[in-house]
Amino acid sequence: MNTSTVSAPNSALETYEQVAAASNEVAGLLAKRLKTETQGEVLFSAADRGRYATDASIYQVTPLGVFVPKHPEEVATAMAICRDLKVPIVPRGGGTSQCGQTTGVGLVIDHSKHVRNVLNLDLQAGTVEVQPGIALDALNASLKKHGVWFPVDVSTSAQATLGGMAGNNSCGSRSIAYGNMVHNVLGAKAWLSNGELLDFSHFENSSGRAKQIGEFVKQLAVHHQAELQNKWPKVLRRVAGYNLDIFDNQNVRPYTPDGKVNLSHLLVGSEGTLAMTQSLTLKLSELPRSKVLGVVNFNSFYKAMDSAQHIAKLGNGTLTAVELVDRTMIELSLKIPAFAATIRTAIIGDPEAILLVEFAGSDKEQLKRELKQLVALMGDMGLPNSVVEMVDDAPQKNLWEVRKAGLNIMMSLKGDGKPVSFIEDCAVPLEHLAEYTDALTQVFQKHGSKGTWYAHASVGTLHVRPILDMRRDGPQKMRAIAEEASELVRKYKGAYSGEHGDGLCRGEWIEWQFGPAINQAFAQIKQHLDPLNLLSPNRMVNPPKMDDTSLMRFGNNYKIIPIQTALDWSAWNVHNDPATEQTTAPGTGQDPAQGLAKAVEMCNNNGTCRKFDAGTMCPSFRVTRDEVHATRGRANTLRLALSGQLQGGLESSEVKEALDLCVGCKGCKRDCPTGVDMARMKIEVQHHYNTKHGLPLKDTLISNLPRYAHIASQWPRLMNLRNQWPWLARLAESFTGLSAERSWPEWKKEHFFNSQRTGVSAQEVLASSKPVVLFVDTFNGYFESENAWAAFDVLSAAGYQVHIASRTQQDAPGQHLCCGRTYLASGQVSKAKEHAQALLEALLPFAQKGIAIVGLEPSCLLTLRDESLVMGLGEMAETVAAHAVLFEEFLATENKAGKLESLKTKLAPAQKPILLHGHCHQKAFGLMPSITQVIQLIPQAKVDLIESSCCGMAGSFGYEASHLEVSKQMAEASLLPSIRKQQDACVVADGTSCRHQIMDGTAREAMHVALLLAQHLPK
Ligand SMILES: Cc1cc2nc3c(=O)[nH]c(=O)nc-3n(C[C@H](O)[C@H](O)[C@H](O)COP(=O)(O)OP(=O)(O)OC[C@H]3O[C@@H](n4cnc5c(N)ncnc54)[C@H](O)[C@@H]3O)c2cc1C
Ligand code: SF4
Ligand code: SF4
């Protein structure tokens, strides 16, 4: 099938013609009918199909097309069309499966955008009925006020959908207390591939076709009783194959409290191969009111593993988790400033491993007693004083965060070798855990790799991913390790697939696990429910080999197209050693795209960028919920473009479309577990795109603003006419694309750069005992000079001698400096470099003397610590970056050193509550604590941080007519409503564009923190 592009067509006929020409006749007909018969999104372009060709596994299978139903009943319509055209169907939720379950050749049906409602909540019965596309966190957020939750707490709770969780029979960290999905699903309404909609619930009460299916499966269970009892792993965590044992329970925990058969359990874990779920009825649990945590420190990993079986017996029903963090993860966490302090609160000395043992319930006193039992048990086991007891909520929460972050760091290994998930969830009975982990570690060593162990010690499911290079000998090693691991699993009577399901990766191991007879029974179940073989064919039944490289993302034909990059990506262009995890020097990784491709390939599709909780990533996805507008969709589009799987490469319209709504907030740089930095990638891509297609007028106007600002500011009345005459604004919109609805920043004749007030000279500051250099950017300098003056006043009031940085070049001595950000925003890297160079040259002498360079606008100042370092500006950039700080960072550090005592005595008490909105780049650099601390220098200041993502203005993004609506929606997601809610508060926002958005959306004037402090100084 060729991969030529299909742009968004309008009519069904056009759809047909385009799709048929690009793919084939069937694809054309399928797209046409979907377009005619539904209101859903019909995504058949090469880029869309490529974006849905992968999940969080190593596989890639390009589907015929993608359908995103707008209404739930359209799923049935799409299925009917597929039936007519004999096109296979691949159901999909968040696409976070690790084994390739959602990759397939047919029509992918994505439920996560629209099919995500809570249908019925029955608190008395303790049940909820939901549509399959709802994410677990979204469901639990809606249940919280009722004191209940759905307790299958998978790590991907923010992005995993209930449909996907049921599909995979997912299991959470607390499965020892609550069981797996199969223990918590009470019913499912689902379509068979022939279109019948069935109610799968209690077998006893069922009728019609559902009853008949039940009878059929029961017969099979009876027929295979001996095999079932001999071959079925007797552990909690077995998710392979179909749940034939619902009629003869082999799980250590009964599927139902009364032992009666629930037919929905047949669908749980069937990975979309038996039926398409329309809704699920779930059992709710009470939210635990109290939790305590005991952190057991071990000086041997083996001992930790050996102890799990004894710890698991504690708690009198209150034990909810026993989670492992091994030595490697402890060390990684200790290296991160943000987590070092927390992990230190949990460790005693230098442990080889720790176990996080959680007890939860309604009575804290009882839980404390259980904690004492843990201490006593460890004492009896020869480990006195090995338990750190955490009774308060905050330290417990912090420690769980560290446990998650450790995994993220492990995943961020640069180079072609990656931790690969294929035996990551084998489950063994607890009494064999120590021997199993020991033996498997030796297997890794034998194959020149190593694994970091973590997670669910309570249920014998430890996660481990050996590092393999899937472009080279990875597939062979994967096979060899899998075979040895499976022998161990068999020896210890465990389950080879204990959490993540079968998919492409473990399909072939189903027969190995259960034997040919039960495997045949599974095939009969598939045939009985889906005789047309339409639902994800060749997965759980007749699967391909796990190491079939033609199905892999980095298969045999994967090649990167050579390109010359504008930015320096060499930090990613490395090789790594799987055994030591050491990487080679930057630039040695042989990436034909000079490291850009390897940076893009860091995305492993885990889908964290689809989350909606705190944090910044990803504002555009939060508004559109489109795969193309998630960081993952963008990274996948770039990977396809760089590897020649998308015609036109980086200069194609598909790449432009994927990056169009990226606001460059750098949220992903911080929040993405593998550090995919899409903001930087967008600069690179725009460079390539604009080099080929030319720079739009709006970008020329905006990027050159620092160049013409000194002239424009001399004609403020003329320049501001556009804001006063609506017709002029409309005219301007028609040729610049900048929305007439937005006001532009007001020019002023008197501004910071032409004011009479000056700081000390360069010589004076270099000789000063309390020196600081103030870098005033174009925006604060020309449009909001009061902020620059305020910063100057506050620093002076604190006793600093302030030098205002200005150009030193012969051609423009004394003129204002610019970091080049406006050029970067449109990919003009060489022009940005010119400006950055002038700035660095001016700042270098001060940085060399160790003097702090203080800036006000986060996006400008932080350019010195980010993009300036990758523009080929050499050591000078490193030296300046080491001393470039935001105003509040500087003050927070100085305060810690006790240098602000005199300033503090001068500040008058706060009169109003303070609402704080963080600029995305402040958040990306983890700087929000410093601004909070600085506000608290004001006596009686009460500051509330608004939990918001990007404000939506993002430089010029929100000014553009084509982005206006999305920009407003981003702001309305939480920022503006929070401000409207607190009418009496003073709003602090350091970003120029954030302040503008707040003014436009709420008519409230937000202020820079420097101005806030200055207003509390004596007049
Ligand atoms: C970093 C990471 C951590 C993880 N941690 C855990 C963990 O703690 N516990 C755990 O169990 N798993 C974990 N997983 C695996 C994965 O996140 C879970 O299995 C998750 O529940 C999948 O949800 P999803 O919405 O992404 O489903 P998808 O991947 O989209 O789909 C899962 C399966 O369900 C099927 N399906 C989806 N919707 C329907 C429908 N409407 N009808 C029928 N079938 C459907 C799909 O075809 C597929 O077979 C992890 C994965 C990653 C990447
Ligand atoms: S961009 Fe980051 S968060 Fe999103 S899927 Fe890729 S790796 Fe995960
Ligand atoms: S920079 Fe921001 S908008 Fe762009 S992909 Fe990353 S999180 Fe999303």
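One-based numbering along the sequence shown. Only a predicted model underlies this, so the values are computations on that prediction, with no experimental measurement involved. Counting convention: from 1, in listed order, for ligands and their atoms alike.
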List the steps, then state whether side chain to side chain contact (heavy atoms under 4.5 Å, CB included) holds for Tyr59 with Gln98. CA-CA 9 Å; Tyr59 299 101; Gln98 291 197 13; over 6 Å; no
Any Lys/Arg nitrogen of Arg174 or Asp153 sitting under 4.0 Å from an Asp/Glu carboxylate oxygen of the other? yes
Under 4.0 Å between heavy atoms, the region of Ala275 that gets near ligand 1 turns out to be backbone
Less than 3.5 Å apart, any donor N or O on the side chain of Thr103 or Asp55 sitting next to an acceptor on the other? no
If you have a sec, work out which protein heavy atom is nearest atom 8 (Fe) of ligand 2 and how many Å separate them, to one decimal? Asn606 OD1, 2.7 Å
Would Asn606 count as being in polar contact with ligand 1, using the rule that some N or O on each side must be under 3.5 angstrom apart? no
Using a plain distance cutoff, I'd like to know if Asp153 has any nitrogen or oxygen under 3.5 Å from a nitrogen or oxygen of ligand 1. no
Counting backbone and side chain alike, does Cys603 bring an N/O/S atom below 2.8 Å of atom 6 (Fe) of ligand 2? yes
Polar contact flag, side-chain donor to acceptor under 3.5 angstrom, Asn604-Arg632: no
Say whether Gly94, considering both its backbone and side-chain N or O atoms, lies within less than 3.5 Å of an N or O atom on ligand 1. yes
Which one holds for Pro132 and ligand 1: side chain close, backbone close, both close, or neither close, with close meaning a heavy atom under 4.0 Å? side chain
Short list, please: which atoms of ligand 3 are under 4.0 Å from a heavy atom of Cys618? 3 (S), 5 (S), 7 (S), 8 (Fe)
Examine all N, O or S atoms of Cys662, backbone included, and report whether one is under 2.8 Å from atom 4 (Fe) of ligand 3. yes
Cationic tip of Lys598 above Trp572 ring, under 6.0 Å, 45° of axis: no
Determine whether the side chain, the backbone, both or neither of Asn605 has a heavy atom under 4.0 Å from any heavy atom of ligand 2. backbone
The closest protein heavy-atom partner of atom 5 (S) of ligand 2 is Gly607 N, 3.1 Å
Are any of the N or O atoms of Glu271 closer than 3.5 Å to those of ligand 1? yes
Which residue and heavy atom of the protein sit nearest atom 4 (Fe) of ligand 2, plus the separation: Cys609 SG, 2.3 Å
Out of Ser620, Cys665, Gly633, Gly615, indicate the one that has the non-hydrogen atom closest to atom 2 (Fe) of ligand 3. Cys665
